[in-house]
2 protein chains.
Amino acid sequence: MAVNPTQTRVRKAAIRLFAKKGFHGVGIRELAQAAKVSPASLYHYIGSKEELLADIMWESLERLLSAAMLATTDVADPQEKLGRLVTLHVIAHAVQAKETAVVDNELRSLAPKLRRRVIDKRDTYEQLWAETIEQGAEAGVFRQDHDGLARKALLEMCSGVARWYSPKGEVKLDALASQFTDIALRSLGTSDAPPQPDLDRCRTIVKYTWGTHV
Amino acid sequence: MAVNPTQTRVRKAAIRLFAKKGFHGVGIRELAQAAKVSPASLYHYIGSKEELLADIMWESLERLLSAAMLATTDVADPQEKLGRLVTLHVIAHAVQAKETAVVDNELRSLAPKLRRRVIDKRDTYEQLWAETIEQGAEAGVFRQDHDGLARKALLEMCSGVARWYSPKGEVKLDALASQFTDIALRSLGTSDAPPQPDLDRCRTIVKYTWGTHV
DNA sequence: CCTAGCCGACCGATCGTTCGATCGTCTAGG
DNA sequence: CCTAGACGATCGAACGATCGGTCGGCTAGG
């Protein structure tokens, strides 16, 4: 994302402030101060406030999408696939809560053109979930998901993690991922003790994608 | 909420705009124009922009809380109680999507004092869920919900409805409520064909609370 | 004549952004 | 080796626009 240390500060400050106060709730001066530069200098690193937002959202989605594709290619079993999708989604929304919260909440702050692109990328990601659920239904291990209701419900549930998770809290990431996977598979019809996905593989992907050890 | 027609227009415009663009994304001139009054006249109906937001959030939470209490008092069976909570929550977030989205997204736009009050009210509501789940666990019909994980997951899932539901869509409210209730009860350990709550009772409460026929 | 509803005009503050100038660092030519 | 100048980074100051909010006065019904 950024090798330049100032650029990194700008990026991190923007993510933190946008997540906390919302795009329109943060002024350029406040952002500059948080990044320890003058408002004018800020514009050597960003095209505009809106471009900065779009960049942040794009990168966050890019990572989530690539992680999801890494985790699901060459996996046939729908339960394993969905388990991995849930696990990665939940972990991403926990360890990158601010970025993902911005993606979820600030779409409306983007002009139509940029918004369209980000939404398309998000849809591409959600399509991975839809396909997996469909494959599971065809294989008879999942119930039919009429109108994508279950998919929407599960995605909202998993994204919601970014709204309440705190690394200072009691909840361990392992327990979080395993509980959410359990709920997801049960919701789709699996009864009693749903199988858990390959957690080590997910860990590797998280490390590779976000550089975070979990 | 409002008998005065102008006040009603102000309220509705505020809800629509705050939901669409966020509190800080809406100026009072835009709000005034949408309510068909001058910016100055606006202040005959509101104390300040922030008070208007707090009022909207308070009223929305008040309704949800009273509906939930109506639905659960004198109900012993935890499955029936939780089913009603889910049903009302989901219906509220579907037919009052804008108001509830404002409650969920704009807490951060409130000054600490007002925010504290709104959060306390929200916590009171969520406590109803926590108690119900706990009762179910004690009765042996639900699994133990460690750290409130399942409660948080289910609440986010149900609130998420406001983010995607459209009355123009294919999804019928009945199917929505029944599917979400099903997922909620399965998530808590109920296997196969979870019982559905008294839908007629929920309908009555919705009609009484929001004046909406569902 | 009082009051409720409404508004045009205006307040100081802040908004996102730009401009011109000043730094130090690197490089090419003599 | 020296130096002129290009360059990236930084900033103070200012731009016009818009922000949330106020004030004095107009109008209409009781």
Side-chain angles (χ1 to χ4, degrees), chain A residues 1-58 102 105-115, chain B residues 1-58 102 105-115:
Chain A
M1 97 170 159
V3 280
N4 186 305
T6 305
Q7 200 160 27
T8 306
R9 283 197 329 269
V10 169
R11 190 60 83 102
K12 293 203 170 175
I15 289 169
R16 180 168 56 83
L17 289 173
F18 287 167
K20 182 180 175 190
K21 313 175 120 196
F23 180 71
H24 291 300
V26 182
I28 282 294
R29 285 157 188 83
E30 184 182 5
L31 176 57
Q33 195 170 14
K36 298 197 210 316
V37 288
S38 72
S41 299
L42 208 52
Y43 282 84
H44 281 264
Y45 297 98
I46 68 176
S48 68
K49 193 187 169 197
E50 192 184 354
E51 276 182 36
L52 172 60
L53 174 64
D55 274 356
I56 289 169
M57 298 175 82
W58 187 262
V102 169
N105 296 329
E106 301 302 336
L107 269 172
R108 62 187 177 194
S109 304
L110 250 30
K113 200 171 176 180
L114 283 173
R115 177 165 58 220
Chain B
M1 95 170 163
V3 280
N4 186 306
T6 305
Q7 200 160 24
T8 306
R9 283 199 325 271
V10 169
R11 189 60 81 104
K12 294 204 170 177
I15 290 169
R16 180 168 55 82
L17 289 174
F18 287 166
K20 184 180 173 190
K21 313 175 124 199
F23 180 71
H24 291 300
V26 183
I28 54 159
R29 283 156 187 85
E30 183 181 6
L31 177 57
Q33 193 170 13
K36 296 195 213 308
V37 289
S38 72
S41 299
L42 206 53
Y43 283 84
H44 282 267
Y45 298 97
I46 68 175
S48 68
K49 193 190 169 196
E50 191 183 355
E51 277 181 36
L52 172 61
L53 173 64
D55 275 355
I56 289 170
M57 297 175 82
W58 188 262
V102 169
N105 296 330
E106 300 302 335
L107 270 172
R108 62 186 178 195
S109 303
L110 250 30
K113 199 171 175 179
L114 283 173
R115 177 166 58 220

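Source: prediction; values computed, not measured. Here is the naming used below: chain letters follow the sequence lines, and residue numbers restart at 1 for every chain.
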Review point. Under 4.0 Å: is that the gap between some side-chain N or O of B:Ser41 and OP1 or OP2 of C:dC7?
Key: yes

Check your understanding: Using a cut-off of less than 4.0 Å, is there contact between a side-chain N or O of B:Asn4 and OP1 or OP2 of C:dA4?
Key -> no

Specify the separation, in whole Å, of atom [atom1] of [X] and atom [atom2] of [N].
{"X": "A:Lys36", "N": "D:dA9", "atom1": "NZ", "atom2": "C1'", "answer": "18 Å"}
{"X": "B:Leu17", "N": "D:dG20", "atom1": "CG", "atom2": "C1'", "answer": "16 Å"}
{"X": "B:Tyr45", "N": "C:dA4", "atom1": "OH", "atom2": "P", "answer": "12 Å"}
{"X": "B:Lys21", "N": "D:dT18", "atom1": "NZ", "atom2": "P", "answer": "12 Å"}
{"X": "B:Gln7", "N": "C:dA4", "atom1": "CD", "atom2": "P", "answer": "14 Å"}

Is there side-chain contact between [X] and [Y], with heavy atoms separated by less than 4.5 Å?
{"X": "B:Leu52", "Y": "B:Leu31", "result": "yes"}
{"X": "B:Val37", "Y": "B:His44", "result": "no"}
{"X": "B:Leu107", "Y": "B:Met57", "result": "yes"}
{"X": "B:Lys49", "Y": "B:Phe23", "result": "yes"}

Check your understanding: What is the per-nucleotide protein-contact pattern of nucleotides 10-22 of chain C, from the 5' end, where B denotes a base atom under 4.0 Å from a protein heavy atom, S denotes such proximity for sugar-phosphate atoms only, and - denotes neither?
Key -> B----BBBBB---

Review point. Any sub-3.5 Å donor-acceptor pair from A:Glu106's side-chain atoms to A:Leu53's backbone N or O?
Key: no

Check your understanding: Between B:His24 and A:Lys21, what is the shortest heavy-atom contact and its length?
Key ->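 So the minimum-distance heavy-atom pair works out to CD2-O, 4.1 Å.
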
